[in-house]
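See structure below.
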Amino acid sequence: MTFDAEDIEEDMEDHNDPLVLTLPVAGCNINKIHIDGGISVNVLFYDTFKRMELNDEQLMSSYYTIYGFNGVPTKPLGDIVLQVDAGPMKVDTRFSVVDAPSPYNAIIGRRWVHKLKGVATTYHQYLRFPTPEGVMEIKGNQVTAREFQALQNQLNNEQDKQLKYGRSRNKEAVKEKAIDLYLEEIS
């Protein structure tokens, strides 16, 4: 599998866009799936989980915390195994279901790409993988990627503000408590 200059459209040069695909997941055509080769966990966001008409009883317990949503630790609601189709390739995929804000419906990591024996490239905006019929490719949606990257940046900024506000409120509470203790001591 190779990528070359012909795979790059004129307006694609010098971009920093994530790879965003539409894939069938458990029989539902799910758009806004971020392919992230830097993560080892697959994430399905809870609002998407509900829109797929899945129910909480289908979730398996998960005993770990995911770090990475703007540095905030996130405990999954549970895990679920769903079939993700890429052309003729059907891959059973374990998702951690997370109730967190995201412009994406799901994030698929390197394990899924590895199961396909595929190569995902953000620069060329393609996922390529071998099939019995030859190499197949799925093209990313760069317009959607840019829109949702901007939304993700906005969400990150809002979370940063909330974290800073929470920290400053904690500092104020500690100061007030210290002042109260000081006043009690001198009384």
Item to check | Any side-chain donor near an acceptor of the partner, D85 and Q83, under 3.5 Å | outcome: yes
Checklist entry - Between Y64 and D79, is a side-chain hydrogen bond (donor to acceptor under 3.5 Å, both in side chains) present by the stated rule, with each step listed? => result CA-CA 11 Å; Y64 53 88; D79 289 354; 2.7 Å; yes
Next on the checklist: Any donor-acceptor pair under 3.5 Å linking the side-chain atoms of T93 with those of N42?
Outcome noted: no
Next on the checklist: Nearest 0.5 Å, please: how far is NZ in K75 from OG in S62?
Outcome noted: 4.0 Å
Next on the checklist: Does either side chain, that of T74 or that of Y67, offer a donor lying less than 3.5 Å from an acceptor on the other one?
Outcome noted: no
Item to check | Spatial distance of atom CD1 (I108) from atom CD1 (I39) [nearest 0.5 Å] | outcome: 9.0 Å
Item to check | Student check: side-chain heavy atoms of M89 and P132 closer than 4.5 Å | outcome: yes
Checklist outcome for this item: Closest heavy-atom pair, I35 versus A120, reported as atoms and distance to 0.1 Å, is CG2-CB, 4.0 Å
Checklist outcome for this item: In short, P18 meets Q125 closest at the heavy-atom pair O-NE2, 3.3 Å
Next on the checklist: Please determine whether side-chain contact (heavy atoms from CB on, under 4.5 Å) holds for the pair H34 and V43, giving the CA-CA distance in whole Å, both sets of side-chain angles, and the decisive distance to 0.1 Å.
Outcome noted: CA-CA 10 Å; H34 179 204; V43 176; over 6 Å; no
Checklist entry - Do P76 and V97 touch side chain to side chain, with heavy atoms closer than 4.5 Å? => result no
Item to check | Pairwise side-chain contact, N105 with F45, heavy-atom cut-off 4.5 Å (strictly under) | outcome: no
Next on the checklist: Measuring from atom OG of S96 to atom CD1 of I80, what distance do you get when rounded to the nearest 0.5 angstrom?
Outcome noted: 11.5 Å
Checklist entry - Do any N or O atoms from the side chain of K115 and from the backbone of R110 form a donor-acceptor pair under 3.5 angstrom? => result no
Checklist entry - D99 versus F49: any side-chain heavy-atom pair under 4.5 Å? => result no
Next on the checklist: Any heavy-atom pair between the side chains of P88 and M136 that's under 4.5 Å?
Outcome noted: yes
Item to check | Atom of A106, atom of F95 and distance for their closest heavy-atom approach | outcome: CB-CE2, 4.4 Å
Next on the checklist: Quick check for you: to the nearest 0.5 Å, what is the distance between L23 atom CG and K32 atom NZ?
Outcome noted: 14.0 Å
Next on the checklist: Quick check: do V113 and F129 have side-chain heavy atoms less than 4.5 Å from each other?
Outcome noted: no
Checklist entry - Do R128 side-chain atoms and E137 backbone N/O form a donor-acceptor pair below 3.5 Å? => result no
Item to check | Reference residue L19; test side-chain contact (heavy atoms from CB on, under 4.5 Å); the match among I33, T122, D36 | outcome: T122
Next on the checklist: Within the 3.5 Å criterion, strictly below it, is a donor on N31 or Y104 matched to an acceptor on the partner's side chain?
Outcome noted: no
Checklist entry - Would you say the side-chain atoms of Y46 and D56 include a donor-acceptor pair closer than 3.5 Å? => result yes
Checklist outcome for this item: What one should report as the nearest heavy-atom pair of A26 and M52 is CB-CE, 4.0 Å
Item to check | Cation-pi check, K139 onto Y126 ring (under 6.0 Å, within 45° of axis) | outcome: yes
Checklist entry - Once you round to the nearest 0.5 Å, how far does CG of L44 lie from CD1 of I30? => result 7.5 Å
Checklist entry - Taking atom CD of E133 as the centre, does the number of heavy atoms from other residues, nucleotides or ligands within less than 6.0 Å exceed 12? => result yes
